[in-house]
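Chain naming here is simple, since letters A, B, ... match the order of the sequence lines and numbering starts at 1 in each. Not measured: the values here are computed from a predicted model. Heavy atoms only: backbone and side chains are in, while hydrogens, waters and symmetry mates are out.
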Protein chains: 2
Amino acid sequence: MAQTAQTAWWTQPAALGDQPHYLSIRDHIVRRIESGDLPAGAKLPSERQLQTGTGIARGTIREALFQLEAEGLIYRRDRSGWYISPPPIVYDPTRWAGFMTYVSEQGRTPTTTTLSAELAGAPQAAAEVFGIEVGAPLYTLRRRRSIDGRAVLVEDIRVSPSLAPGLLKHPLDGSLTQILKREYGISVARNRVDMWPCALTKAEAAALAAKPGTPGLLIVRTSFDAQGRIVEYDREYWRHDAMHIHVDISVPPVA
Amino acid sequence: MAQTAQTAWWTQPAALGDQPHYLSIRDHIVRRIESGDLPAGAKLPSERQLQTGTGIARGTIREALFQLEAEGLIYRRDRSGWYISPPPIVYDPTRWAGFMTYVSEQGRTPTTTTLSAELAGAPQAAAEVFGIEVGAPLYTLRRRRSIDGRAVLVEDIRVSPSLAPGLLKHPLDGSLTQILKREYGISVARNRVDMWPCALTKAEAAALAAKPGTPGLLIVRTSFDAQGRIVEYDREYWRHDAMHIHVDISVPPVA
DNA sequence: GAGTGGTCTAGACCACCTT
DNA sequence: AGGTGGTCTAGACCACTCA
């Protein structure tokens with residue numbers, strides 16, 4: 001006898017115009033979000049609940065939800081439900097601060113979980129970057145990072161064992177850059193960053209409790225020291241709604 | 001009696017494993033792309049054609065197509081069909097080259113179409129950036145840019161009329177930065193760039209012959225001259241599969 | 001174990017692009 | 001005018017999460 005809503009979650013198709021139903025539903029939910037009715041992190045009613053009393057097919061409801069997901073307004077936890085997305089973190093690839101730092105600076109709480117840490121054979125892409133044979137050993141770190149408890153990215157980091165022998169003996173849940181500096185005296189002099197929109201594949205999606213195919217952002221960072229040696233090679237898979245890139249650059253004096 | 005294929009486009013569900021059908025279909029198409037069978041720009045068979053002989057519902061076929069779209073491998077022209085995406089353009093927000101320049105440098109052919117050019121009232125966002133009243137006049141330029149004939153972005157540019165009086169009299173299909181420099185002696189000393197994944201809304205989607213909701217990338221650029229005056233305020237809506245961001249930065253000497 | 005989203009079918013009609 | 005994708009319905013069953 002749980003108080004199952006018999007009444008529609010929205011009064012009536014709510015919108016009008018000649019736009020498709022799913023967009024009207026979208027608009028309605030957006031209004032609920034903007035009104036503060038649904039704060040960040042809140043869970044939406046279930047898809048079937050959203051249908052009740054409306055005569056709308058579940059597929060249509062889902063269409064609206066997918067639209068909102070693409071816009072970055074909501075996200076889903078696989079087979080759990082739909083939630084309102086928190087505001088994105090601003091990320092500046094030009095700065096040298098790590099994840100822990102800039103998330104904290106923005107008044108949010110960062111967390112890191114190390115999923116695996118091992119000496120593993122280099123895959124194709126990593127081998128090319130390091131200029132070594134495919135299968136040659138590299139420290140390989142897989143970590144999940146969260147903001148305010150929400151998993152937002154998984155990353156694979158590769159470090160050459162000749163550069164930082166015994167790396168895995170150190171605590172790996174904090175800033176790797178810090179460890180390399182403090183324990184090995186290695187600091188970064190140059191950063192190469194590539195980013196592009198992607199879809200999360202099975203492995204990354206699973207680590208983020210997302211569905212495979214969820215829109216994401218892939219960031220590949222290669223950092224070098226003053227001698228041009230590779231310090232880290234890092235691939236980060238982000239939920240696409242979790243970040244916002246900001247760069248501020250002054251023109252070089254002459255050039 | 002057109003030679004309508006009675007046979008399935010793929011021999012059989014092609015894949016296996018315990019993954020969902022739509023992913024098997026996806027995998028099959030990926031293989032066709034990788035094999036060179038479907039070159040960039042090629043049109044896929046119609047959704048109904050992809051069904052023939054397979055016993056698979058159209059919705060499932062579409063699921064596979066959406067997946068490939070999210071991955072950036074294919075794109076659609078609204079109500080026309082699905083096409084193989086060409087490789088992305090590499091964009092470096094750190095460099096001062098404009099669209100025409102870096103697209104050409106990469107061996108591709110850039111095109112620009114001016115959709116509208118007028119003196120219009122500033123909307124909220126622009127007014128804040130320029131520090132003027134909402135509704136105050138700004139030169140407003142809407143352009144569509146294409147690569148090898150494929151529309152990849154639409155942009156809204158705002159320029160202060162006090163900075164560049166008579167701007168609209170010049171040819172606007174080339175580099176605006178060049179015009180500002182050559183005709184008004186204004187050059188850019190600082191660039192502020194913000195980017196985030198988004199979904200194309202009705203207006204932008206229409207200009208790109210895309211469906212509203214198509215994944216996109218929004219780039220907002222504000223450029224300043226040496227005196228700190230705003231030179232351009234530019235909002236670019238990109239098809240998400242059309243670009244790839246690349247930044248290469250050296251650490252400042254001391255800090 | 002109840003409830004959630006994930007997958008899938010088999011239709012239908014429409015708006016629009018293409019020729 | 002014919003064909004395309006876009007929207008929508010009304011079911012069904014499954015895998016998984018969560019309490």
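- The 5' end of DNA chain D is approached more closely, in terms of each residue's nearest nucleotide, by B/K43 than by the other of B/K43 and A/P20.
- When distances are taken from the side chain of B/S80 to each of D/dC8, C/dG5, C/dT18, the shortest belongs to C/dT18.
- Distance from the side chain of B/R79 is smallest for C/dC17 among the nucleotides C/dG6, C/dC17, C/dT9.
- Residue-level contact check: A/R62 touches the bases, meaning some heavy atom is under 4.0 Å from a base atom.
- Counting to the nearest Å, the P atom of D/dT7 and the CG atom of B/D78 are 8 Å from each other.
- Side chain of B/R58, nearest nucleotide from D/dA15, D/dT4, D/dT7: D/dT7.
- A donor-acceptor contact under 3.5 Å is not formed by the side chain of B/R48 with the base of D/dG3.
- Between B/A57 and A/P45, it is A/P45 whose nearest contact on DNA chain C lies nearer the 5' terminus.
- Between B/W238 and B/Y91, the ring-plane angle classifies as tilted under the 30° and 60° cut-offs.
- Where A/Y83 and A/G55 meet DNA chain D, the nucleotide closest to each residue was compared, and A/G55 sits on the side nearer the 5' end.
- A/H21 places its NE2 atom 6 Å from the P atom of D/dT9, with the value rounded to the nearest Å.
- In this structure, A/L153 and A/R239 have side chains that are not in contact, with every pair of non-hydrogen atoms separated by 4.5 Å or more.
- The CZ-P distance, from A/R76 to C/dG3, rounds to 22 Å in whole Å.
- In this structure, B/H21 places its NE2 atom where only 12 or fewer heavy-atom neighbours from other residues, nucleotides or ligands lie under 6.0 Å away.
- Rounded to whole Å, the distance from CD on A/E47 to C1' on C/dG5 is 5 Å.
- Under 4.0 Å is where a charged nitrogen must lie from a carboxylate oxygen, and between A/D194 and A/R235 no such pair does.
- If you measure from atom CD of B/E63 to atom P of D/dG5, you get 16 Å, rounded to the nearest angstrom.
- In this structure, B/R77 places its CZ atom 17 Å from C1' of C/dA15, rounding to the nearest Å.
- The nearest whole Å value for the distance from the CH2 atom in B/W82 to the P atom in D/dG5 is 9 Å.
- Atom pair B/Y22:OH and C/dT9:P shows a separation of 13 Å (rounding to whole Å applied).
- With distances taken from any side-chain atom of B/K211 to the nucleotides C/dG6, D/dG6, C/dT4, the minimum falls on D/dG6.
- For B/R221 and B/E236, the salt-bridge test passes: some basic side-chain N is under 4.0 Å from an acidic carboxylate O.
- Dashed line: the shortest gap from a side-chain N or O of A/S46 to OP1 or OP2 of C/dG3 is not under 4.0 Å.
- Contact between the side-chain N/O atoms of B/T60 and the OP1/OP2 oxygens of C/dT7 is not found at any separation under 4.0 Å.
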